[in-house]
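Numbering of residues begins at 1 and proceeds along the displayed sequence. In each ligand, atom 1 is the first atom listed, and ligand 1 is the first ligand listed.
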Amino acid sequence: MSPFPSPRLAWRDLLRRGIACTCALALALGAVLQPATAQNTLPALGDSDSADFSVGAERKIGDEIMREIRVDPDYLDDPLLLEYVQSVWEPLVVAGRRLGNITADIDERFSWQTFLVRDASVNAFALPGGFVGVHLGLIAITATRDELASVLGHELSHVSQRHIARSISGNARRSLVGLAALIIGLIAASRSNSPDAINAVVAGTQAATLQSQLNFSREVERESDRIGFQIMVAAGYAPGGMASMFEKMDVSTRLNDYGGFPYLRTHPLTVERIGEARSRAGLNPAAARAGVLEHTVAQARARVLMDPRVDALRRWQGRDADMDGPGADKLLNAVESAQASSLLREWPRADAAFAQALTIARASPNSGARAERAVSLMQAQSLLDRGAPSRAAEAMRAHAGDGSRPVMLLSAQIALAENPAVTADSVVLKARAGELQTWVALHADDALAWGALGQIWARLGLPLRSLRAEAESRHALGDLLGAIDRLRAAQRFARGGGPVDFIDASVVDSRLRDIQAQRRQIELDRSTGR
Ligand SMILES: [Zn+2]
């Protein structure tokens with residue numbers, strides 16, 4: 001987790017840049033992929049057309065896209081924020097299953113994973129195969145879990161209703177790989193500031209009349225609003241969350257001039273869409289504002305992480321002028337200031353704000369426990385970053401061993417910092433390695449966990465295992481060449497003569513064969529366009 005990644009948009013850019021659409025991608029896809037002759041209605045589910053585009057093929061496209069996304073510098077694996085977003089997302093998936101929107105075949109074959117994008121714009125997007133991207137800007141603007149859940153429920157519906165597959169079928173005799181490239185282009189275009197970029201993608205695909213495509217998109221969006229709402233309510237979220245989210249986006253949209261950006265200008269984020277959401281909720285949108293404080297901590301963290309430039313950090317840091325007293329607003333200010341001061345490496349000011357945040361969370365009668373945990377983990381990270389691993393361990397002691405990913409990864413980093421020299425017999429390092437090994441056995445695609453395991457194995461004097469773990473970390477990030485490189489290095493090491501565990505060496509050989517075969521298959525797919 002690099003505290004100072006590539007510079008991106010400032011918070012103030014948010015309003016300038018706009019929040020017209022949580023689904024720029026779905027909208028653009030509809031525009032690009034619908035044939036000129038299409039009816040302006042969605043094919044019904046179960047149409048033979050959509051059956052052409054199999055669940056397996058859709059997942060394959062999704063995997064191809066994710067391989068590109070995971071190596072993007074703005075792909076952000078922040079364990080704490082990701083855990084939070086997944087905790088909002090997972091009840092929606094469960095509800096989608098229960099309601100029958102998620103059928104057995106897609107349940108099994110799709111990934112149902114969210115991921116984070118370091119981008120200050122307010123957006124979320126569903127990709128083929130059940131991957132849902134969430135911009136930090138979206139978390140930053142939502143005041144409650146319910147608002148966030150309303151957007152995620154909408155995105156989940158794009159997945160469960162197979163909107164992408166349905167927009168492709170009937171039209172596309174496009175190769176899967178070509179489609180993956182097109183979608184990657186659309187993501188890039190939808191994230192750029194230039195309206196021309198997305199227009200270029202559209203023009204380049206010879207899409208026909210814009211209006212029919214936009215109508216198609218409207219149908220898709222309306223269906224996702226309706227089904228997403230049912231899912232979020234079934235999952236137990238406050239119904240008013242959807243209307244209040246739409247109102248928020250609408251206010252921001254009005255502050256903007258979309259100029260030459262027809263997709264956003266004509267996106268149906270209108271009085272009508274808000275009205276439908278509100279009448280579905282049947283109550284005042286203000287009801288949704290009673291959120292839990294854990295959301296507030298996530299919101300604060302997202303705001304600070306989405307723009308690492310110093311002037312932005314200074315603004316968040318200054319929030320500590322108004323953090324005394326109880327309540328979500330004060331907590332928001334305290335956490336923003338603490339996180340910003342940590343990134344600026346101004347430790348006393350960070351500590352004061354962390355202490356205040358903990359006081360507020362602890363004073364909260366019902367919803368403070370999860371918020372307190374989140375603040376404690378952020379404080380532990382801050383202490384670790386300044387080279388105080390023992391204090392970091394102390395800060396998170398109440399949560400050590402809770403079995404969660406953020407705690408496991410943080411504990412591993414603390415153990416590494418506390419044991420800086422190579423040692424074959426550190427009990428703590430062995431314990432952390434054991435936890436991580438159990439974890440990656442179940443989550444083989446966890447690049448950070450493999451990376452930490454590689455560091456710990458190196459520290460324990462197990463270079464062969466360490467290289468293998470590094471290879472798995474690269475593989476999980478989609479960097480197959482990097483993985484092959486490290487496995488070859490491990491083979492050279494094994495042949496070099498030193499004491500080598502036979503089983504470890506066999507694992508290296510077989511993983512090298514697997515990953516080389518995967519790479520050949522991907523190249524074959526790309527060259528034959530399947
Ligand atoms: Zn949408």
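Per residue H158, closest N, O or S atom to the Zn ion (ligand 1): atom name NE2. Note on E221: its N/O/S atom closest to the Zn ion (ligand 1) is OE1.
Residues satisfying the salt bridge (charged side-chain N to carboxylate O under 4.0 Å, His left out) test with R373, not counting sequence neighbours, are E83, D402. Judged as a ring-ring contact (aromatic ring centres under 6.0 Å, His included), and not counting sequence neighbours, the contacts of Y84 are H295.
Taking 2.8 Å as the criterion, H163 does not count as a coordinating residue of the Zn ion (ligand 1), since none of its N, O or S atoms falls below it.
Test D74, I139, D77 against L116 for side chain to side chain contact (heavy atoms under 4.5 Å, CB included) and you get one pass: I139.
Under a 4.0 Å N-O distance rule, the pair R67/D63 does not qualify as a salt bridge.
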